[in-house]
Novice: 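Below is a structure I'd like to ask you about.
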Amino acid sequence: MRRTEGTLEVTGLTAGYGETRIVEGLSFAVPAGGRMALLGRNGMGKTTTLATLVGQTTRHAGSIRLDGVELSGLNSSARAAAGLGYVPQTRDIFRSLTVEENLVTGLKGRPRSALEEAYALFPRLKERRGNGGGALSGGEQQMLSVARALLGRPTVLLLDEPLEGLAPVICDQLMQALAQLTVTLILVEQQVDRALDFAQSAVILERGQVVHEGAAADLRDDHALMERHLGVALAV
Ligand SMILES: Nc1ncnc2c1ncn2[C@@H]1O[C@H](COP(=O)(O)OP(=O)(O)OP(=O)(O)O)[C@@H](O)[C@H]1O
Ligand SMILES: [Mg+2]
């Protein structure tokens with residue numbers, strides 16, 4: 001089924017923290033239901049880009065349009081209501097609440113029965129529903145963070161390094177679950193090979209600017225480009 005919601009268009013976006021500009025003149029677009037990998041070495045502005053999309057930085061210029069609606073004048077909660085879901089690099093779960101209580105905070109007024117959507121996507125969370133958030137493994141915490149964001153029914157989901165610190169088998173499980181989603185996705189990831197297998201398009205940031213944008217498959221084949229901008233050489 002082709003999605004009709006969740007077209008994201010970013011144009012000339014310049015933002016940072018107070019007067020300090022970190023990202024400069026960013027432009028990229030993701031079609032409804034598309035998946036974009038946002039890549040770059042440490043400190044290049046990936047997190048700042050996602051934080052800017054959700055309204056958590058100082059924006060100096062540029063436009064963020066979701067299905068033609070300008071978001072840049074809205075605060076974070078209005079952007080969430082407009083359809084932006086965000087799973088930050090820090091995995092924002094409540095450690096003192098149980099898994100289920102964490103999920104309830106993501107319901108945004110939806111009936112409790114909607115929790116079954118989260119449990120269907122991540123059966124492990126159902127098994128652990130009564131456990132405290134702080135007692136979960138890293139992989140379970142990440143599943144919880146993703147599931148909670150999805151319960152708000154975003155049309156665009158922003159994921160900041162979801163695989164960070166997870167064992168390879170857990171990375172596989174998480175990526176398989178993400179592959180089932182039909183929302184528009186922006187995936188920030190240091191595991192470049194996994195990100196490029198998952199996404200259709202890729203953007204590379206260097207010192208806060210877009211230095212490459214194109215099809216994920218083309219980038220995967222361009223080892224020189226990856227070596228230059230990401231410092232990685234993938235296994236062929
Ligand atoms: N709250 C902040 N205040 C000031 N500068 C910040 C803040 N957060 C990040 N920066 C700076 O912005 C730049 C980009 O950081 P950002 O976290 O966006 O990079 P990143 O690409 O996500 O890196 P990583 O791969 O390490 O997560 C860095 O120079 C960083 O020091
Ligand atoms: Mg980051």
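Count residues from 1 along the sequence. Here the structure is a predicted model, which means the values were calculated and not measured.
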Novice: Using 0.5 Å steps for rounding, measure from the OG atom of S145 to the CG atom of L136.
Specialist: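 Answer rounded to 0.5 Å: 11.0 Å.
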Novice: Under 3.5 Å, is there a donor-acceptor pair between the T155 and E5 side chains?
Specialist: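 Side chains of T155 and E5: no pair found under 3.5 Å.
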Novice: Around R194, counting heavy atoms of other residues, nucleotides and ligands shown, do more than 12 lie under 6.0 Å from its CZ?
Specialist: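 Yes.
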Novice: From L53 CG over to L8 CG, what is the distance, rounded to the nearest 0.5 angstrom?
Specialist: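 Reported value, rounded in 0.5 Å steps: 6.0 Å.
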Novice: Under a 4.5 Å cut-off applied to non-hydrogen side-chain atoms, are L84 and L71 in contact?
Specialist: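 Answer yes - side chains close enough.
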Novice: Passes side-chain contact (heavy atoms from CB on, under 4.5 Å), L157 versus Y86? Steps please.
Specialist: CA-CA 6 Å; L157 185 64; Y86 182 36; over 6 Å; no
Novice: Do S76 and Q56 get their side chains close enough for a donor-acceptor pair, meaning under 3.5 Å?
Specialist: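 Absent: no donor and acceptor within the cut-off.
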Novice: Locate the shortest heavy-atom distance separating G208 from L26; write the atom from each residue and the value.
Specialist: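 Heavy atoms of G208 and L26 come nearest at O-CD2, 3.4 Å.
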Novice: If only side-chain N and O atoms count, and only distance matters, is there a donor-acceptor pair under 3.5 Å linking S72 with S63?
Specialist: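 Looking only at side-chain atoms, S72 and S63 do not form any donor-acceptor pair under 3.5 Å.
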Novice: Do E127 and V99 make a side-chain contact, defined as non-hydrogen atoms from C-beta onward lying under 4.5 Å apart?
Specialist: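 Result no, sub-4.5 Å side-chain heavy-atom pair not found.
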Novice: Can you see which heavy atom on F122 is nearest to which on A177, and at what distance?
Specialist: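 That closest heavy-atom pairing would be CE2-CB, 3.4 Å.
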Novice: Could you name each residue pair satisfying salt bridge (Lys or Arg N to Asp or Glu O under 4.0 Å) that touches residues 134-147, not counting sequence neighbours?
Specialist: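 Qualifying pairs: R124-E140, R128-E140.
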Novice: Answer yes if L66 and L181 sit in the same cluster of Ile, Leu, Val, Met, Phe, Trp and Tyr residues linked by side chain heavy atoms under 4.5 Å apart, and no otherwise.
Specialist: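 Shared cluster, no.
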Novice: Using the side-chain contact (heavy atoms from CB on, under 4.5 Å) rule, take V192 and M226 through it: C-alpha gap first, then chi angles, then the decisive distance, then the call.
Specialist: CA-CA 9 Å; V192 174; M226 276 203 286; 3.8 Å; yes
Novice: Rounded at 0.5 Å granularity, tell me how far CG in L178 sits from CG in L159.
Specialist: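 Taking CG in L178 and CG in L159, the distance rounds to 6.0 Å.
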Novice: Quick check: does any side chain N or O of N102 sit under 3.5 Å from a backbone N or O of I93, one acting as donor and the other as acceptor?
Specialist: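 Not confirmed, N102 side chain does not pair with I93 backbone.
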Novice: Taking the side chain from D160 and the backbone from V188, do they hold a donor-acceptor pair closer than 3.5 Å?
Specialist: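 Not confirmed, D160 side chain does not pair with V188 backbone.
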Novice: Apply side-chain contact (heavy atoms from CB on, under 4.5 Å) to the pair T58 and Y17, showing each step before the final yes or no.
Specialist: CA-CA 5 Å; T58 310; Y17 305 96; 5.6 Å; no
Novice: Establish whether L185 and V30 are linked, either directly or via other cluster members, by ILVMFWY side-chain heavy-atom contacts under 4.5 Å.
Specialist: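 As far as the 4.5 Å side-chain criterion goes, V30 and L185 are not connected within one cluster.
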Novice: What's the spacing between L151 CG and R110 CZ if we round to 0.5 Å?
Specialist: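 Rounded to the nearest 0.5 Å, the CG-CZ separation comes to 6.5 Å.
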Novice: Are the side chains of V146 and Q142 in touch, meaning some heavy atoms are under 4.5 Å apart?
Specialist: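 With C-beta onward as the side chain, the pair touches.
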Novice: At their closest point, which heavy atom of H229 faces which heavy atom of R41, and how far apart are they?
Specialist: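 Smallest heavy-atom distance, with atoms named: O-CZ, 3.6 Å.
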Novice: Is there a continuous path of hydrophobic side-chain contacts, each under 4.5 Å between heavy atoms, that joins L158 to L74?
Specialist: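 In one cluster with L158: L74, yes.
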Novice: Show, in sequence, the C-alpha distance, side-chain angles and deciding distance for R79 and I64, and conclude whether the side-chain contact (heavy atoms from CB on, under 4.5 Å) test is met.
Specialist: CA-CA 10 Å; R79 293 186 201 198; I64 304 161; 3.7 Å; yes
Novice: Do I204 and V210 make a side-chain contact, defined as non-hydrogen atoms from C-beta onward lying under 4.5 Å apart?
Specialist: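 A side-chain contact under 4.5 Å is absent here.
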Novice: Do any pairs count as a salt bridge (Lys or Arg N to Asp or Glu O under 4.0 Å) and have a residue in residues 6-17, sequence neighbours left out, and if so which ones?
Specialist: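 Sorted result for residues 6-17: empty, none.
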Novice: Is the shortest side-chain heavy-atom distance between L13 and F28 below 4.5 Å?
Specialist: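 The answer is no; the side chains never approach within 4.5 Å.
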Novice: Given side chains that start at C-beta, do those of M143 and L121 come closer than 4.5 Å, heavy atoms only?
Specialist: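 They are not in side-chain contact.
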Novice: Do L39 and L196 touch side chain to side chain, with heavy atoms closer than 4.5 Å?
Specialist: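 They are in contact (side-chain heavy atoms under 4.5 Å apart), so the answer is yes.
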Novice: Calculate, to the nearest 0.5 Å, the distance between atoms CD and CD belonging to E164 and Q190 respectively.
Specialist: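 Answer rounded to 0.5 Å: 7.5 Å.
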Novice: With sequence neighbours left out, which residue pairs that include part of residues 93-106 fulfil the salt bridge (Lys or Arg N to Asp or Glu O under 4.0 Å) condition?
Specialist: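 Matches after skipping sequence neighbours: E100-R112, E100-R129.
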Novice: Working to the nearest 0.5 Å, report the span between CD of Q89 and CD of E161.
Specialist: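 Those atoms lie 4.5 Å apart.
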Novice: State, with a plain yes or no, whether a side-chain heavy atom of T14 is found less than 4.5 Å away from one of R59.
Specialist: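 Counting from C-beta outward, T14 and R59 never come under 4.5 Å.
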Novice: Charged N to carboxylate O below 4.0 Å: is that the case for R148 and D92?
Specialist: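 Yes, R148 and D92 are salt-bridged.
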Novice: Does L97 share a hydrophobic cluster with L103, counting links as ILVMFWY side-chain heavy atoms below 4.5 Å and allowing steps through other members?
Specialist: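 Different clusters.
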Novice: More than 12 foreign heavy atoms under 6.0 Å from CZ of R207: is that the case here?
Specialist: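 It does not: R207 CZ has 12 such atoms or fewer within range.
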Novice: Taking all heavy atoms of V87 and all of A149, pick out the closest pair and write down the distance.
Specialist: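 For V87 and A149, the tightest heavy-atom pair comes out as CG2-CB, 3.7 Å.
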Novice: Write down the atom of V183, the atom of P154, and the distance for their closest heavy-atom approach.
Specialist: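 Closest approach of V183 to P154: CG1-O, 3.2 Å.
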Novice: For A37 and A199, which heavy atoms make the closest approach, and how far apart are they?
Specialist: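 So the two residues come closest at N-CB, 3.6 Å.
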Novice: Can any side-chain N or O of T20 pair as donor or acceptor with the backbone N or O of G16 at less than 3.5 Å?
Specialist: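 Looks like no, no N/O pair under 3.5 Å.
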Novice: Taking the basic N atoms (NZ, or NE/NH1/NH2) and the acidic carboxylate oxygens, is any pair closer than 4.0 Å for K46 and E189?
Specialist: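 No salt bridge links K46 with E189.
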Novice: Decide whether M36 and V54 are clustered together by the hydrophobic rule: side chain heavy atoms of Ile, Leu, Val, Met, Phe, Trp, Tyr closer than 4.5 Å, transitively.
Specialist: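 Linked, M36 and V54 end up in one cluster.
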Novice: Would you find a donor on one side and an acceptor on the other, under 3.5 Å apart, between the side chain of H212 and the backbone of L219?
Specialist: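 No, the answer is negative, given that no donor and acceptor are paired below the 3.5 Å cut-off.
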Novice: If only atom types and distance count, is the side chain of T184 paired as donor or acceptor with the main-chain N or O of V156 below 3.5 Å?
Specialist: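 The answer is no, because no donor-acceptor pair under 3.5 Å joins these two groups.
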